[in-house]
Amino acid sequence: MSPFTAKVIGIIRTIPPGKVMTYGQIASLAGSPRGARQVARILHSMSKKHKLPWHRVISSKGEISLKDDEQKMALQFEGVKVTNWSINLSQFQYHPDKNA
DNA sequence: TGAATGACAACCC
DNA sequence: CGGGTTGCCATTC
């Protein structure tokens, strides 16, 4: 467990319903702008052990990676329009408040 | 300790 | 615009 991992988890937990974040964005906020893959690995490995809203984490193209029906339905339920596994980032990507 | 992996991202053709 | 390849970096074996 590295500070990066803990930070990534913390960031994911801050994603509000109806919003999504990309791996690269999360990785960047976590301190590793190139660590998008680690974010993916963290989700893959820790999501079950943590109560992370991993379904709000998508690829930079605004698409669901797993193409999991549960994830898609969860997002739609929160208000995110998921069209053919794609999401309108400009409309649903979450921009964290630097003021926090 | 060293090598391989991976829910990605960016670049090139 | 679409498809394929390379780079990145922490985690895992």
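To find a chain, count down the sequence lines: A is the first, B the second, and so on, and within it residues start at 1.
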Student: At what distance, to the nearest 0.5 angstrom, does CD of A:E78 lie from CD1 of A:I15?
Tutor: 10.0 Å

Student: How close or far is atom P of B:dC8 from atom CG of A:L66, stated in whole angstroms?
Tutor: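 Going from A:L66 (CG) to B:dC8 (P), I get 8 Å.
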
Student: Where each residue is assigned the nucleotide of DNA chain B containing its nearest heavy atom, which of A:I58 and A:R41 is assigned the position nearer the 5′ end?
Tutor: A:R41

Student: To the nearest Å, give me how far apart CD (A:Q93) and C1' (B:dC8) are.
Tutor: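 These atoms are roughly 14 Å apart.
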
Student: May I have the distance from A:K61 (atom NZ) to B:dC11 (atom P), rounded to whole angstrom?
Tutor: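 Spelled out: NZ on A:K61 to P on B:dC11 is 14 Å.
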
Student: What's the closest nucleotide to the side chain of A:R37 if the choices are B:dA7, C:dA10, C:dG7?
Tutor: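 In terms of side-chain proximity for A:R37, the closest of B:dA7, C:dA10, C:dG7 is C:dG7.
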
Student: A:L43 CG to C:dT12 P: how many Å, rounded?
Tutor: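 Going from CG in A:L43 over to P in C:dT12 covers 13 Å.
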
Student: Could you check how far CG of A:L29 sits from P of C:dC9, rounded to whole Å?
Tutor: 17 Å

Student: Hydrophobic clustering (ILVMFWY, side-chain heavy atoms < 4.5 Å, transitive) - are A:Y94 and A:V80 grouped together?
Tutor: no

Student: Side chain of A:A36: nearest nucleotide among B:dA7, B:dA9, B:dT5?
Tutor: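 Given the options B:dA7, B:dA9, B:dT5, the side chain of A:A36 is closest to B:dA9.
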
Student: Rounded to whole angstrom units, what separation is found between the CD1 atom of A:I9 and the C1' atom of B:dA7?
Tutor: 15 Å

Student: Please name the pair of heavy atoms, one in A:S59 and one in A:T22, separated by the smallest distance, quoted to 0.1 Å.
Tutor: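 Shortest heavy-atom contact: O-CG2, 3.6 Å.
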
Student: Could you work out which one of C:dT12, C:dA10, B:dA9 sits closest to the side chain of A:S59?
Tutor: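 Comparing C:dT12, C:dA10, B:dA9 against the side chain of A:S59, the answer is B:dA9.
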
Student: State, without any angle test, whether A:N84 and A:S86 hold a side-chain donor-acceptor pair at a distance under 3.5 Å.
Tutor: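 No, because no side-chain N or O of A:N84 sits under 3.5 Å from a partner of the opposite role on A:S86.
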
Student: Let me know the distance between CD of A:E70 and P of B:dA7, rounded to the nearest Å.
Tutor: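 Atom CD in A:E70 sits about 18 Å away from atom P in B:dA7.
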
Student: How many Å lie between CD1 on A:I26 and P on B:dA9, as a whole number?
Tutor: 10 Å

Student: Where the side chain of A:S2 is concerned, which of B:dA7, B:dA10, C:dA10 is the nearest nucleotide?
Tutor: C:dA10

Student: So, is A:S45 close to the C:dT12 phosphate, meaning a side-chain N or O under 4.0 Å from OP1 or OP2?
Tutor: yes

Student: Report yes if at least one side-chain N or O of A:S65 is closer than 4.0 Å to OP1 or OP2 of B:dA7; otherwise report no.
Tutor: no

Student: Counting any heavy atom closer than 4.0 Å, what does A:F4 reach on the DNA or RNA strands: base, sugar-phosphate only, or nothing?
Tutor: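 Touches sugar-phosphate only.
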
Student: If you check the A:H44 side chain, which of C:dA10, B:dA7, B:dC8 turns out closest?
Tutor: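 Looking only at heavy atoms from C-beta outward on A:H44, the closest nucleotide is B:dA7.
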
Student: Identify the residue among A:I87, A:V57, A:I64, A:V82 that makes a side chain to side chain contact (heavy atoms under 4.5 Å, CB included) with A:V20.
Tutor: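 It is A:I87; the other options fail the test.
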
Student: From the options B:dA9, C:dT11, C:dC9, select the nucleotide whose nearest atom is closest to the side chain of A:R34.
Tutor: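 Nearest listed nucleotide: C:dC9.
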
